[in-house]
Protein chains: 2
Amino acid sequence: MMSGEDMSGVLPKRGPVSDPPASVPQDCRNCGAYKLCVSLWLKSGDASLFDRVVKRKQMLKRGETLYRMGQSVEHLYVIRGGSVKTCITSEDGRVQIIGFHTAGELLGLEDMQTREHNCEARATRLTSVCEVSIDRFEELAKKDAAIQYEIVKIMSAEVRHTQELVLLLGKHNAEERLAAFLLSLSQQFAQRHYSTIEFDLTMSRSDIGNYLGLAEETICRVFARLQDDGLVTSEGRRIKLNDLERLQRIANHRSALS
Amino acid sequence: MMSGEDMSGVLPKRGPVSDPPASVPQDCRNCGAYKLCVSLWLKSGDASLFDRVVKRKQMLKRGETLYRMGQSVEHLYVIRGGSVKTCITSEDGRVQIIGFHTAGELLGLEDMQTREHNCEARATRLTSVCEVSIDRFEELAKKDAAIQYEIVKIMSAEVRHTQELVLLLGKHNAEERLAAFLLSLSQQFAQRHYSTIEFDLTMSRSDIGNYLGLAEETICRVFARLQDDGLVTSEGRRIKLNDLERLQRIANHRSALS
DNA sequence: CGCGCTATTGATGACGCTCAAGACCCGTGG
DNA sequence: CCACGGGTCTTGAGCGTCATCAATAGCGCG
């Protein structure tokens with residue numbers, strides 16, 4: 001469930017902003033990049049250096065961009081709350097959404113090398129991020145194996161995620177793609193200890209379609225079909241998965257004919 | 001041109017195998033992973049350690065696998081000569097080719113973390129690889145920023161490559177996909193100082209189709225169409241690109257109607 | 001020299017796109 | 001407060017691209 005949203009980081013109700021620099025901020029504990037930040041914090045020796053590496057609370061309204069393709073990379077971004085989509089653009093302007101990201105994810109790593117953003121990141125709603133100076137981050141990473149480990153881990157996951165998407169686009173039909181998409185959302189929510197079977201989408205039908213290589217209308221129609229079959233209940237962005245088992249079979253087995 | 005193939009590493013005509021361990025092997029100079037290996041070699045202190053890290057000349061016949069999905073990762077592999085395809089498999093057995101790889105490329109990095117292969121690598125013809133012990137490699141990487149740099153660089157490129165493929169599958173039609181594919185091959189050959197406009201495919205129509213999310217027959221038909229339009233000449237696996245300019249337009253511009 | 005894999009070409013039809021129209025929702029401003 | 005407007009969602013009709021099935025030709029390899 002996330003109607004009110006995971007905005008604990010975005011709108012810190014208990015004591016805004018300035019924490020004593022000597023201790024890890026309270027609301028960082030729930031951040032997916034917590035370990036990475038702690039490494040930064042510990043290795044940076046004195047806490048003031050940590051503050052120079054990580055600047056907190058950059059706010060983005062729905063539709064605002066974190067960075068664009070071609071821009072030079074000055075920061076990495078950790079999502080504190082809200083949600084972000086990343087997309088790449090072909091020469092003739094066609095846009096492909098590559099991923100949807102939520103609290104705890106680190107964005108921009110794959111562009112660290114080239115120092116030029118290869119894709120665009122845009123908030124899909126009110127979103128808050130931590131800014132990490134790329135130069136200082138890299139400096140620390142050089143000295144700290146734990147940070148390197150995290151970097152490789154994140155990038156490996158990214159490769160795997162993108163490869164899964166290729167498999168989906170290359171070998172699965174519309175129904176299978178949407179089923180797989182819903183299940184992967186479900187798993188994401190599970191990791192965050194939200195409900196696995198009922199949640200709100202953070203993105204439009206159009207964005208889902210773009211991501212899955214389908215038209216917006218097709219997404220609607222497949223939703224309708226899944227609903228007719230009793231597999232899901234969808235009312236706008238509120239989704240309920242009524243039969244994970246059968247969804248799995250649709251996503252994975254060509255032979256699931258009923 | 002590569003009919004006789006880039007097998008200088010596979011069949012080392014001038015003095016097989018055992019080089020004096022004190023110097024870098026002659027035929028390593030042309031390897032794409034040269035810098036990485038030199039780093040390994042320099043940092044390993046004594047050359048005998050280098051020999052423990054990199055074991056040379058593992059030979060694979062056409063169709064043999066380097067590793068399979070699910071296998072535990074014991075080595076990374078540098079391709080010395082020949083060509084390898086990597087693919088992932090969905091639960092119900094559908095296979096998606098993710099990439100074609102040739103001399104100089106390092107395979108397996110993205111599975112280093114999990115220590116479990118996430119995809120399968122298979123030789124598409126006679127191929128030779130160097131085996132790199134994953135444990136020793138990781139050990140050295142921890143101490144050497146240059147190696148870390150190379151790792152992140154390779155993985156970044158992999159992410160970008162896979163994202164490009166998603167864009168291709170998600171937003172481009174058959175003709176655009178094949179045109180883009182041929183152009184990317186052309187660029188690869190350019191980097192190796194082979195001919196940009198005439199070369200031999202290392203993979204079957206079926207593999208190309210699989211990679212591009214199309215049927216084998218569609219690949220044939222699109223080849224035929226491109227040939228009719230005078231854009232390429234294809235006779236079996238021998239390809240000649242007659243108009244790079246116009247191919248570019250087909251690959252990138254929806255509006256290229258002639 | 002023939003077997004098997006690869007490539008080619010045709011006929012047919014399905015899946016998903018495009019275009020179109022209308023409903024709905026929500027924020028904004030009169 | 002209501003009306004307006006833009007964005008989102010939904011549903012329908014028709015069509016195009018590409019998959020599928022099938023048959024044959026070609027090629028390389030043992």
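Just so we're on the same page: letters track the sequence lines, and every chain starts at 1.
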Query raised in the report: Between A/Gly213 and B/Arg237, which has a closest nucleotide on DNA chain C that is more 5'?
Result: B/Arg237
Report task. For A/Glu120, enumerate each residue passing the side chain to side chain contact (heavy atoms under 4.5 Å, CB included) test, keeping only those at least two apart in sequence or located in another chain. Result -> A/Thr65, A/Arg68, A/Cys87, A/Arg122
Report task. Could you walk me through whether B/Tyr194 and B/Phe199 pass the ring-ring contact (aromatic ring centres under 6.0 Å, His included) test, one step at a time? Result -> CA-CA 8 Å; B/Tyr194 291 115; B/Phe199 46 82; over 10 Å; no
Report task. Can you figure out which of D/dT8, D/dA19, D/dC18 approaches the side chain of B/Thr218 most closely? Result -> D/dA19
Report task. Please tell me if the side chains of B/Leu126 and B/Arg62 come closer than 4.5 Å, counting only heavy atoms from C-beta onward. Result -> no
Query raised in the report: When you look at A/His161 and A/Ser184, which way does the side chain to side chain contact (heavy atoms under 4.5 Å, CB included) test go after all the steps?
Result: CA-CA 10 Å; A/His161 167 264; A/Ser184 80; over 6 Å; no
Query raised in the report: Roughly how far, to the nearest 0.5 Å, is the NE2 atom of A/His75 from the CG atom of A/Leu107?
Result: 14.0 Å
Requested in this report: Take the protein atom NE2 of B/His172 and the nucleotide atom C1' of C/dC17, then report the distance between them rounded to whole Å.
Outcome: 16 Å
**Report entry** Residues B/Arg225 and B/Glu175 bridged, charged N to O under 4.0 Å
**Finding:** yes
Query raised in the report: To the nearest 10 degrees, how far apart in direction are the end axes of the helix from C/dC1-D/dG30 to C/dG30-D/dC1, each fit to five base pairs?
Result: 40°
**Report entry** Rounded distance in Å - CD (A/Glu175) to P (C/dA14)
**Finding:** 16 Å
Report summary line: Winner on side-chain proximity to A/Ala215, out of C/dA7, C/dT18, D/dC18, is C/dT18
Requested in this report: Provide, to the nearest angstrom, the distance between the CG atom belonging to B/Leu212 and the P atom belonging to D/dA19.
Outcome: 11 Å
Query raised in the report: Is there a donor on the side chain of B/Glu217 or the base of D/dC21 sitting less than 3.5 Å from an acceptor on the other?
Result: yes
Query raised in the report: Which residues in residues 219-234 of chain B have at least one heavy atom lying under 4.0 Å from any atom of DNA chain D?
Result: B/Arg221
Query raised in the report: Nearest-Å distance, CG (A/Leu178) to P (C/dC15)?
Result: 16 Å
Query raised in the report: Side chains of B/Ser234 and B/Lys240: closer than 4.5 Å at any heavy-atom pair?
Result: no
Report summary line: Atom CG of B/Asn210 and atom P of D/dT20 are separated, to the nearest Å, by 12 Å
Query - Sub-4.5 Å side-chain heavy-atom contact between B/Thr233 and B/Phe223 - result: no
Query raised in the report: Between atom CD in A/Glu216 and atom C1' in C/dG16, what is the gap in whole Å?
Result: 14 Å
Query - side-chain contact (heavy atoms from CB on, under 4.5 Å), paired with B/Gln163, selected from A/Ile98, A/Val159, A/Leu165 - result: A/Ile98
Query - Presence of B/Arg62 side-chain N/O under 4.0 Å of C/dT6 phosphate oxygens OP1/OP2 - result: yes
Query - Minimal non-hydrogen separation, B/Met69 against B/Asn118, with atom names - result: CG-O, 3.1 Å
**Report entry** Base D/dC27 to side chain B/Glu235, donor-acceptor N/O within 3.5 Å cut-off
**Finding:** no
Report task. Pick base, sugar-phosphate or nothing for A/Arg177, based on heavy-atom distances below 4.0 Å to the nucleic acid. Result -> nothing
Report task. Can you tell me the distance, in whole Å, between the NZ atom of B/Lys61 and the C1' atom of D/dG28? Result -> 17 Å
Requested in this report: Take the protein atom CD1 of A/Ile208 and the nucleotide atom P of D/dT8, then report the distance between them rounded to whole Å.
Outcome: 12 Å
